[in-house]
Number of protein chains: 4
Amino acid sequence: MLARSIQSTVMRRQPQQTRSQERVSHILTAAEALFIEVGYEQTTTRSIAARAKVAVGTLYQFFPDKEAILKALATRYFQAEYQLFAALHTPEAESLSLSDYVDRVIDAFDHFMNSQPGYRAVYEQLLSLMTYSAIEAIDDYEYRIVDELAAFFARLNPDLAGEQAQTIALVVVKVVGDLLWLSASQNPEQQRSLVAETKVLMLGYLGQHLGDRMGQGDVR
Amino acid sequence: MLARSIQSTVMRRQPQQTRSQERVSHILTAAEALFIEVGYEQTTTRSIAARAKVAVGTLYQFFPDKEAILKALATRYFQAEYQLFAALHTPEAESLSLSDYVDRVIDAFDHFMNSQPGYRAVYEQLLSLMTYSAIEAIDDYEYRIVDELAAFFARLNPDLAGEQAQTIALVVVKVVGDLLWLSASQNPEQQRSLVAETKVLMLGYLGQHLGDRMGQGDVR
Amino acid sequence: MLARSIQSTVMRRQPQQTRSQERVSHILTAAEALFIEVGYEQTTTRSIAARAKVAVGTLYQFFPDKEAILKALATRYFQAEYQLFAALHTPEAESLSLSDYVDRVIDAFDHFMNSQPGYRAVYEQLLSLMTYSAIEAIDDYEYRIVDELAAFFARLNPDLAGEQAQTIALVVVKVVGDLLWLSASQNPEQQRSLVAETKVLMLGYLGQHLGDRMGQGDVR
Amino acid sequence: MLARSIQSTVMRRQPQQTRSQERVSHILTAAEALFIEVGYEQTTTRSIAARAKVAVGTLYQFFPDKEAILKALATRYFQAEYQLFAALHTPEAESLSLSDYVDRVIDAFDHFMNSQPGYRAVYEQLLSLMTYSAIEAIDDYEYRIVDELAAFFARLNPDLAGEQAQTIALVVVKVVGDLLWLSASQNPEQQRSLVAETKVLMLGYLGQHLGDRMGQGDVR
DNA sequence: TATGAATGAGACTTCATTCAT
DNA sequence: GATGAATGAAGTCTCATTCAT
């Protein structure tokens with residue numbers, strides 16, 4: 001508290017990361033690495049604390065229990081994923097050709113997947129720890145992506161009934177997620193093939209549902 | 001013969017007598033139920049034994065450790081899955097129309113998924129316990145499905161290079177598996193929609209790769 | 001039972017070892033080997049039964065529990081040891097020179113120790129399982145050796161009070177036993193040195209207590 | 001410094017603080033008592049913890065496993081024994097009469113044996129848990145005693161070849177150890193007799209090897 | 001009488017969490 | 001707020017012993 005008031009007096013701007021925020025960040029980073037390396041169950045709170053160079057007690061000052069760390073990581077991923085999704089689905093995106101749209105989206109998520117290696121480890125652990133509805137309770141980014149994607153599709157093809165757009169969006173999100181996750185564990189060549197096939201798959205599927213409704217922007 | 005090879009890999013003692021075979025079956029059933037309900041890690045060997053109405057010691061007479069139970073279940077699923085696959089890919093299947101082929105395969109696997117509720121829980125746990133190559137070591141049914149499906153596609157369209165057929169087969173196996181798994185956890189109506197969409201997805205994808213090479217039986 | 005009556009009818013002599021006696025013997029031999037190899041606690045009743053080529057249940061028909069096997073082995077050793085002792089302490093032994101007496105006794109027990117490798121493993125386990133008095137209860141061969149040796153010494157030197165002869169005999173039994181046991185685990189050369197030193201030690205000790213009271217039979 | 005080397009070999013965590021050192025001491029004392037009372041194998045880690053009034057977890061914070069507790073106790077004994085030995089074999093000891101030397105040494109070790117009742121229980125268990133060379137690895141105090149005693153003898157009687165002095169020293173260490181251990185379990189009168197006989201035995205033995213090479217201080 | 005599958009108490013050890021310093 | 005020693009419930013697995021066949 002004293003430190004704080006000194007800072008606010010002396011420093012011009014409150015640092016973005018206060019000491020505590022840094023600590024939390026260190027803990028999450030340490031946990032992420034360990035969850036990937038040895039799995040959630042095999043990761044001990046001690047080992048997280050040790051890797052984050054804090055005492056276990058400190059860890060428990062920020063997180064009520066081990067599961068909370070998992071949830072916090074999940075939220076971090078979901079947010080990032082949603083932000084990526086949102087950035088790709090601005091109004092302008094609607095004027096892209098289907099082929100360009102698919103290219104952009106899949107390349108972007110392919111990159112995301114490879115830069116967030118802990119995503120799946122965390123997501124899968126979350127699934128086995130709690131029901132799907134409990135996961136929604138944590139945060140609803142996942143749902144928002146499906147919802148907004150459904151709306152995006154419905155705008156392109158108004159014939160799609162609400163329900164149907166939802167299902168299509170769910171299929172797209174699931175399939176792209178799974179294939180990119182699969183590709184992330186392959187050798188570079190196989191990875192490229194899988195990403196290419198994912199595009200073929202999506203192009204065919206969305207072609208059937210959206211037809212030539214998308215803009216002819218810059219067809220390949 | 002198949003049963004024998006499972007046991008020699010995974011089990012401690014061959015259940016020679018009917019009584020014992022029943023016990024093993026009870027143990028596996030109990031384990032399956034618990035893995036689904038609370039997850040593999042949360043399931044204790046005591047609870048499996050209790051549910052199977054045997055003593056823990058009995059359980060350990062058949063399985064060297066907890067992981068072996070998981071492997072035995074996995075083998076059971078993989079075998080069943082392979083047998084289903086093989087039954088659907090007899091030479092006669094090649095003369096079906098693409099639409100009929102997709103219908104049959106997806107309906108069959110949809111039914112399989114719903115009748116084997118533990119499949120995914122087991123498979124996912126297996127993935128987090130061991131490397132993919134270690135899973136192959138348990139048995140290679142998974143690989144065989146991808147390989148034989150690739151060969152099936154290559155017979156229909158000889159233009160598909162070996163590598164490409166493999167990738168396509170992998171995509172099909174993965175995507176169908178994931179979507180049907182997803183559908184299994186939905187309400188009946190959503191389930192039907194998802195299964196229908198899965199067919200649309202596959203029809204579009206295989207249509208691109210196989211064209212009209214399949215029999216013209218009763219094209220839609 | 002049928003087999004028995006046939007035998008008694010057909011065979012001239014009842015075989016020294018009936019089927020059961022052979023089984024007991026096999027079990028004891030198996031147990032002895034395992035106690036030496038891995039120790040008493042590490043030896044399981046199953047492993048004993050397996051090595052003896054009988055079922056565990058059969059083992060329990062002859063021995064009420066694991067400890068009883070240990071006791072039976074101990075009795076076997078103690079008897080053999082006592083018989084060796086007795087054979088060396090006939091009336092004629094009293095007319096040997098001290099040097100010859102010591103030579104004979106130590107060489108004989110040295111040979112015994114090397115031919116009964118399980119003796120100590122069993123004896124030491126016995127000590128840690130029960131009190132010394134409980135061991136006496138099992139059998140009193142050990143005591144008889146000390147007692148008879150004391151009497152032997154007292155006959156040679158009547159000046160030795162009863163108590164003192166007992167103590168001397170105890171010292172001799174203990175020291176010879178321990179040094180020969182130690183020598184048994186050494187390389188051949190060290191073994192010879194230790195046996196030689198044991199003789200020097202005993203010769204000096206008994207010389208002090210028995211003086212030249214022993215016969216001059218065939219001095220070296 | 002000595003204490004440190006024990007711990008770094010055997011213990012998990014250095015007890016930094018007085019509080020912790022006391023805890024370790026309590027644990028060792030509790031273990032010692034139980035090893036004597038019921039034997040090493042029969043002693044459970046829970047019972048040690050309970051007797052030491054700590055939680056099992058605390059015990060495992062200092063010792064990686066049950067065996068480590070045994071080793072720590074052994075090291076404690078070996079150190080104390082070596083220190084006693086060293087204190088008795090200063091240069092001045094060489095000028096004592098043989099009789100005085102034997103008196104001092106045996107009285108000192110007799111006292112040691114009675115004040116360290118767990119010594120043998122621990123030592124014997126150690127022997128059955130590991131090879132002799134593995135015990136050396138724990139610490140080499142035992143060997144040092146034999147070596148230094150051999151050197152002591154060789155200084156008094158340079159005629160003793162290196163090998164022979166070693167064997168004599170080994171015999172002395174073994175025999176004195178065994179007889180005093182035996183005496184420790186006898187009633188007071190028998191105990192006195194055994195100690196007296198041990199002196200007679202050693203005096204006779206060393207007289208033969210060292211003759212009158214020792215100082216004539218106050219020969220009996 | 002022989003068998004060996006079944007039993008289940010109990011051993012060792014781990015680790016999420018607390019709380020005195 | 002930070003620390004990390006202490007806690008003890010709970011997990012996996014073993015093995016002496018029993019008893020139905």
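Below, chains carry the letters A, B, ... as their sequence lines are ordered, and counting in each starts from 1. Because the structure is a prediction, the values reported are computed rather than measured.
One N or O donor and one acceptor, one from the side chain of Q61(D) and one from the base of dA6(F), sit under 3.5 Å apart.
Side-chain contact between V122(B) and F78(B) is absent, with no heavy-atom pair separated by less than 4.5 Å.
Atoms CG and CD1, from L59(C) and I69(C) in turn, are 4.0 Å apart once rounded to the nearest 0.5 Å. From I27(B), atom CD1 reaches atom NZ of K53(B) across 13.5 Å, with rounding to the nearest 0.5 Å. Atom-to-atom distance recorded for T58(C):OG1 and R23(C):CZ is 5.5 Å, nearest 0.5 angstrom. Note that OH of Y119(B) and CG of L73(B) are 12.5 Å apart. Values are rounded to the nearest 0.5 Å. With values rounded to the nearest 0.5 angstrom, K71(A) atom NZ is found 9.0 Å from T75(A) atom OG1.
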After noting the C-alpha distance and the side-chain angles of H26(D) and V54(D), does the key distance pass the side chain to side chain contact (heavy atoms under 4.5 Å, CB included) rule?
CA-CA 9 Å; H26(D) 280 152; V54(D) 298; 5.8 Å; no

In 5'-to-3' order, the base (B), backbone-only (S) or no-contact (-) status of each nucleotide in nucleotides 16-21 of chain E, using a 4.0 angstrom heavy-atom cut-off, is BBB---

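Following rounding to the nearest Å, F62(A) (CZ) and dA2(F) (C1') show an atom-to-atom distance of 9 Å. Rounding to whole angstrom units, CD of residue E22(A) and C1' of dG1(F) are separated by 16 Å. Taking atom CD1 on I27(D) and atom C1' on dT7(F), their separation rounds to 13 Å, with Å as the unit. Spacing between atom CD of Q42(C) and atom P of dC13(F) amounts to 18 Å, rounded to whole angstrom units. The interatomic distance linking Q21(A) (CD) with dG1(F) (P) rounds to 14 Å, in whole Å. Here the C1' atom of nucleotide dT7(F) and the CD1 atom of I48(D) are 18 Å apart, to the nearest Å. Remark: P of dA6(E) and NZ of K53(B) are 16 Å apart, rounded to the nearest angstrom.
Along DNA chain E, the nucleotide closest to L59(C) and the one closest to L59(B) are compared, and the more 5′ of them pairs with L59(C).
Residue D65(A) comes nearest to Y60(A) through the heavy atom pair CA-CE2, 4.1 Å, listed as atom of the first residue, atom of the second, then distance.
Applying the side chain to side chain contact (heavy atoms under 4.5 Å, CB included) criterion to V24(C), with sequence neighbours excluded, gives L28(C), F62(C), F63(C). Scanning for salt bridge (charged side-chain N to carboxylate O under 4.0 Å, His left out) contacts around E124(B) gives R120(B), with sequence neighbours left out.
The stretch residues 29-39 of chain B does not touch DNA chain E, since none of its heavy atoms comes less than 4.0 Å from the strand.
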Dot-bracket encoding of pairs in DNA chain E, which uses [ ] for pseudoknotted crossings and | for another strand, Watson-Crick or G-U under 3.5 angstrom
.||||||||||||||||||||

Show me, pair by pair, the donor-acceptor contacts under 3.5 angstrom made by side chains of residues 29-40 of chain D, not counting sequence neighbours?
{"residue": "T29(D)", "atom": "OG1", "partner": "S25(D)", "partner atom": "O", "Å": "2.8"}
{"residue": "E32(D)", "atom": "OE2", "partner": "Y77(D)", "partner atom": "OH", "Å": "2.2"}
{"residue": "E37(D)", "atom": "OE1", "partner": "R51(D)", "partner atom": "NH1", "Å": "3.4"}
{"residue": "E37(D)", "atom": "OE2", "partner": "R51(D)", "partner atom": "NH2", "Å": "2.7"}
{"residue": "Y40(D)", "atom": "OH", "partner": "E67(D)", "partner atom": "N", "Å": "3.3"}

